[in-house]
Amino acid sequence: MAGEGRDRAQPPRDCPLCPRLVAYRLANRRRHPQWHNAPVPSFGDPAAALLIVGLAPGVAGANRTGRPFTGDYAGEILYPALLRHGLARGSYAARPDDDLEPVDCRITNAVRCVPPENKPTGEEIATCRPFLRDELLVEPRPRIALSLGRIAHDSVLRVFGCRLRDFPFRHGASYRLEDGTWLVSSYHCSRYNMNTGRLTEEMFDAVMKRVVELLGETSGCARLAV
Ligand code: URA
């Protein structure tokens, strides 16, 4: 799916690829006809240097509002962190018509449709990967991918054809992949991880600081050719 300067492909509203997710979408449309209830498109400049990869929309958050992380608990952690680190401007109000604007940063998910119980299957993650591949490989490519959680981490590695065991998932790890793209990994900023203390605001800030450093270090680099 890599190409020259074309838009990054987004799944259509009625994407038919994952039968279980389609059934869940239709049920959600019946229950909540005013919600977005469709694949959630990426948010931010398609030419941004930084791509943040989450897991999947939350049912009453991004699946309702139509913008990644927006209305989800994880968005209450992610967006203020982006604002603190100069990776967004404006203000986050948990609605798609707030004035939040990512700065040289784009936000997407490994799986674009809401999965039941927030748990996509391996097959659904693989089926949705071509859309992630587009985000990572269509020119101009992001220089840095920040993965939130292991599923996003592994899915990014698979896009690049990397062996997972060569790049183990660790909070705060940063790896330079063969084509020069950096992969920075963080625990997911989920309610569970924050409530259990697996991830703290300080730990998340440290990852954001590393991302900002890398953005500075790589800013002179030409965009890498496919
Ligand atoms: N909402 C999203 O859009 N993605 C996540 O990973 C979590 C919540």
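Counting from 1, the numbers follow the sequence of the chain as shown. Just so you know, ligand 1 is whichever comes first in the structure, and atom 1 is the first atom listed for that ligand.
- For ligand 1, the polar-atom distance check against Ala56 finds a nitrogen or oxygen pair separated by under 3.5 Å.
- Between Leu51 and Val156, every side-chain heavy-atom pair lies at or beyond the 4.5 Å cut-off.
- Ranking the protein heavy atoms by distance from atom 8 (C) of ligand 1 puts Asp72 OD2, 3.3 Å first.
- Contact atoms of ligand 1 toward Pro68: 3 (O) (distance under 4.0 Å to a heavy atom of the residue).
- At least one heavy atom of Asn109 sits closer than 4.0 Å to an atom of ligand 1.
- Not a single N or O atom of Ala62, backbone or side chain, sits closer than 3.5 Å to an N or O atom of ligand 1.
- Within the 4.5 Å cutoff, the side chain of Tyr73 has heavy atoms near those of the Asn195 side chain.
- Close N/O approach between Phe69 and ligand 1 is found [any backbone or side-chain N/O within under 3.5 Å].
- Although no hydrogens or angles enter the test, the distance criterion places a donor-acceptor pair under 3.5 Å between the side chain of Ser219 and the main chain of Gly216.
- By the 6.0 Å and 45° rule, Arg198 stacks over the aromatic ring of Tyr187.
- Using a 4.5 Å cut-off on side-chain heavy atoms (C-beta onward), Gln10 and Pro39 make no contact.
- Within ligand 1, the atoms closer than 4.0 Å to a non-hydrogen atom of Gly54 are 6 (O), numbered from 1 in the order shown.
- Close contacts between ligand 1 and Pro57 involve ligand atoms 2 (C), 3 (O) [criterion: under 4.0 Å to a heavy atom].
- Residues Asp154 and Ile125 are not in side-chain contact: their nearest non-hydrogen atoms beyond the backbone lie 4.5 Å or more apart.
- Residue-level proximity to ligand 1 for Leu55 is carried by backbone and side chain together, each with a heavy atom below 4.0 angstrom.
- Judged by the shortest distance from any of its heavy atoms, Arg67 lies outside the 4.0 Å radius around the atoms of ligand 1.
- Taking the ring centre of Tyr79 as origin, the terminal cationic atom of Arg67 falls inside the region bounded by 6.0 Å and 45° from the ring axis.
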